[in-house]
Amino acid sequence: MTEATPAVEIRHLVKDFKTSFKRQPLRAVDDVSIRIMPGEVYGLIGPNGSGKSTTMKALLGLVAPTSGECSIFGKDSLKVDSRNEVGFLPENPYFYKHLSGEETLKFYGKLCGIKGAKLRDRVKELLELVDLEGASHRRIGGYSKGMLQRIGLAQALIQEPQLVILDEPTAGVDPVGSREIRDLIFKLRERGITVFLCSHLLEQVQEVCDHVGIIFRGKMVKEGRLEDLIAIEDQTELVMKDASPELVAEIEALIAKDGTAEHVRTGKPRTTLERLFLRETRSREETN
Amino acid sequence: MLSHASRIGVIARHAFTQLVRMKVFYFLAFFAVILIGSNFFDLPQHEGPESAGINILRSIKSWSLGAMTLFSVVLSIVATALLLPKDVEDRTLYTILAKPVPRIDYLAGKLIGVLLLVFVSLALMDVLMTGILHLRTEMVLADQMAVAEARNWPAQDVALLKSDILAQGPTASLQGAVFSVFLRATIIASMAMLISTFSSSTLFTTIISFLIYFVGHFQADARAAYFTHEAGTGDGFWLRGVALLISLVLPDFQLFNVIDAVIEGQVLPLLILGKLTLIGLFYFVFYVIASWLVFARKEF
């Protein structure tokens with residue numbers, strides 16, 4: 001059986017940048033290899049300046065690798081035709097302020113060779129998908145940060161690409177906007193679209209990605225399936241609802257009797273601050 | 001697949017819309033004021049009464065073509081210098097180059113968008129100038145014919161006077177001169193595009209482009225004076241090579257001085273206009289290819 005062509009294949013990517021004052025070039029990416037199969041949602045995480053964006057730019061041909069190779073669905077990413085199947089949302093994008101949301105999507109659509117009724121239908125569909133039908137005729141200059149990210153995501157999807165690359169898709173967006181963008185990523189996953197995103201917001205990556213790579217100072221330090229990476233193999237979690245203190249005490253006594261098992265902690269599971277925020281703001285929105 | 005021409009067309013139309021929405025056409029109001037003002041700019045009359053009014057016609061042409069030159073040069077440099085760095089700064093360029101858009105298409109599209117704007121601006125100014133000049137020529141002609149009739153001038157002299165006055169009006173040569181203004185703007189915009197591909201700021205591109213524009217008015221004289229003098233020292237071959245290289249990279253804007261002759265009422269030969277068109281095309285292609293060579297290697 002032949003293996004499917006990877007959506008993304010980065011092989012031993014090295015990227016050095018010339019520096020003005022130092023003779024030694026700055027190595028932004030150091031021997032990074034990534035393989036993303038079609039339909040996967042891959043998260044590249046790492047602190048600021050760790051080489052995430054440079055890796056993405058190399059994949060898009062915006063920077064040329066010092067050594068190594070990048071390909072998209074088997075096509076060399078330095079070649080223009082490799083971009084037929086890619087949609088890209090850069091970090092903190094600013095689109096042409098003089099265009100409306102609808103005009104923006106039409107512009108990108110025309111660049112990809114879509115026109116006429118097909119373009120109109122696609123623009124309408126995407127405006128619905130990103131929930132911007134109401135603001136489609138407003139100039140981009142008046143859009144909020146969250147709206148900009150959503151129109152950015154829509155332009156990335158205009159030619160129905162099979163791979164979407166998102167660089168810090170929720171940077172600077174409020175929790176509600178952030179949740180909306182995450183929901184959109186879920187929708188992409190449901191449609192079988194490969195997503196390659198980079199972020200330093202770990203909780204967000206954990207929620208949407210099934211594969212993760214950790215990059216630090218330009219080197220890939222850990223990579224694999226998320227479930228495999230975050231599971232603590234020697235621990236078991238038991239979550240109970242309405243358990244009486246007596247029952248908890250009984251369970252603890254049983255553990256103590258076992259001799260091999262060790263009781264690590266007992267307590268109430270906590271929600272996240274984000275979930276609390278969303279619950280509170282949504283419940284107030286509904287009552288108003 | 002989308003052809004290069006269609007993609008360039010999309011980018012050019014977008015660049016044109018972008019500049020139009022920056023309200024650049026407001027300058028047409030200034031042009032109208034200049035044009036109306038030039039109607040009242042009557043120079044002291046030294047010739048006989050048979051030349052009365054002709055100075056006004058020259059003044060209208062001179063001010064109009066001067067304003068067209070100024071606006072087209074400023075627009076070509078500033079608009080070109082602005083578009084590229086702005087796209088890089090706003091990261092809009094990333095989203096465009098992440099689509100299947102070759103870099104040459106992007107550059108050519110932006111440049112053609114600017115040239116489209118310059119062309120439309122010049123066309124609008126030309127319509128205004130031609131309209132005013134036509135009306136004014138009719139007035140001057142009527143006055144002069146009345147004078148000639150009162151003095152019982154021979155028919156031959158009247159015909160000569162008439163053709164002299166009409167030569168100062170809206171002639172085909174005048175349209176050729178406006179087209180020459182556009183050709184010069186094409187060269188300047190293409191040159192500004194090349195500079196903006198390696199410059200890091202709009203200000204740098206603007207200053208250097210203006211400098212090259214001014215140098216372009218003197219480079220032919222400088223070449224002639226320096227290289228013909230030095231060529232006698234034995235390094236003639238190399239010096240001629242350097243002179244050729246300079247003339248290749250830096251356009252000789254003195255060639256466009258034919259516009260002044262048209263203001264004086266002279267005919268602009270088609271051969272000269274054809275030569276200017278070829279020079280304009282040569283520099284457009286030369287600078288676009290040079291810009292592409294720089295831009296293709298540029299990292300963002």
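We name chains A, B, ... by the order of the sequence lines, and we start the count at 1 in each one.
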Q) Going by atom types only, do A:Asp167 and B:Tyr94 share a side-chain donor-acceptor pair under 3.5 Å? A)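 Checked: A:Asp167/B:Tyr94 side chains show no N/O donor-acceptor pair below 3.5 Å.
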Q) Regarding B:Thr92 and A:Tyr96, is there a side-chain donor-to-acceptor distance under 3.5 Å anywhere? A)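 B:Thr92 vs A:Tyr96: no donor-acceptor pair found between side chains.
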Q.
Just so I understand: if I count every heavy-atom pair under 4.5 Å between each of B:Met22, B:Arg13, B:Arg103 and chain A, which residue has the most?
A.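 Option with the greatest count: B:Arg103.
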May I ask you to check whether over 12 heavy atoms, not counting those of [X], lie within 6.0 Å of atom [atom1]?
X: A:Arg120; atom1: CZ; value: no
X: B:Lys298; atom1: NZ; value: yes
X: B:Phe30; atom1: CZ; value: no
X: B:Phe119; atom1: CZ; value: no

(Q) Under a 4.5 Å cutoff for heavy-atom pairs, which residue among A:Lys79, A:Arg139, A:Glu85 has the most contacts with chain B? (A)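 Among A:Lys79, A:Arg139, A:Glu85, the one with the most close pairs to chain B is A:Arg139.
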Q: Flag the one option from A:Val80, A:Asn92, A:Leu60, A:Ile158 with the top tally of heavy-atom pairs under 4.5 Å to chain B.
A: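 Option with the greatest count: A:Val80.
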Q | Electrostatic pair B:Arg91:A:Glu168 at N-O distance under 4.0 angstrom | A |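 The answer is no: the pair does not qualify as a salt bridge.
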Q: Please determine if B:Glu299 and A:Lys15 form a salt bridge, counting it only when a charged side-chain N lies under 4.0 Å from a carboxylate O.
A: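 Looking at B:Glu299 and A:Lys15, the cut-off is met.
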Which answer fits [X], side chain, backbone, both or neither, if we ask what part of it has an atom under 4.5 Å from a heavy atom of chain A?
X: B:Leu93; answer: neither
X: B:Lys86; answer: neither
X: B:Asp105; answer: neither

Q. Got a donor-acceptor contact below 3.5 angstrom from the B:Arg21 side chain to the A:His98 backbone?
A.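 Present.
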**Q.** side chain to side chain contact (heavy atoms under 4.5 Å, CB included), paired with A:Tyr94, selected from B:Thr95, B:Asp87, B:Asp90
**A.**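 Going through B:Thr95, B:Asp87, B:Asp90 one by one, the side chain to side chain contact (heavy atoms under 4.5 Å, CB included) with A:Tyr94 is satisfied by B:Asp90 alone.
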Q | Nearest atoms (heavy-atom pairs only) where B:Lys99 meets A:Gln155 | A |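 Where B:Lys99 meets A:Gln155 most closely, the heavy atoms are NZ-O, 2.7 Å.
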Q) Can you say whether A:Leu99 sits under 4.5 Å from chain B via the side chain, the backbone, both, or neither, judging by heavy atoms? A)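 Both the backbone and the side chain of A:Leu99 come within 4.5 Å of chain B.
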Q: Could you walk me through whether A:Phe107 and B:Ile96 pass side-chain contact (heavy atoms from CB on, under 4.5 Å), step by step?
A: CA-CA 10 Å; A:Phe107 169 65; B:Ile96 294 173; 4.1 Å; yes
Q. Just how far is it from atom NE2 of B:His14 to atom OG1 of A:Thr104, taken to the nearest 0.5 Å?
A.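 With rounding to 0.5 Å, NE2 (B:His14) is 7.5 Å from OG1 (A:Thr104).
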Q) Which distance, rounded to the nearest 0.5 Å, do you find between the NZ of A:Lys110 and the OG of B:Ser6? A)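 So the NZ of A:Lys110 and the OG of B:Ser6 are separated by 11.5 Å.
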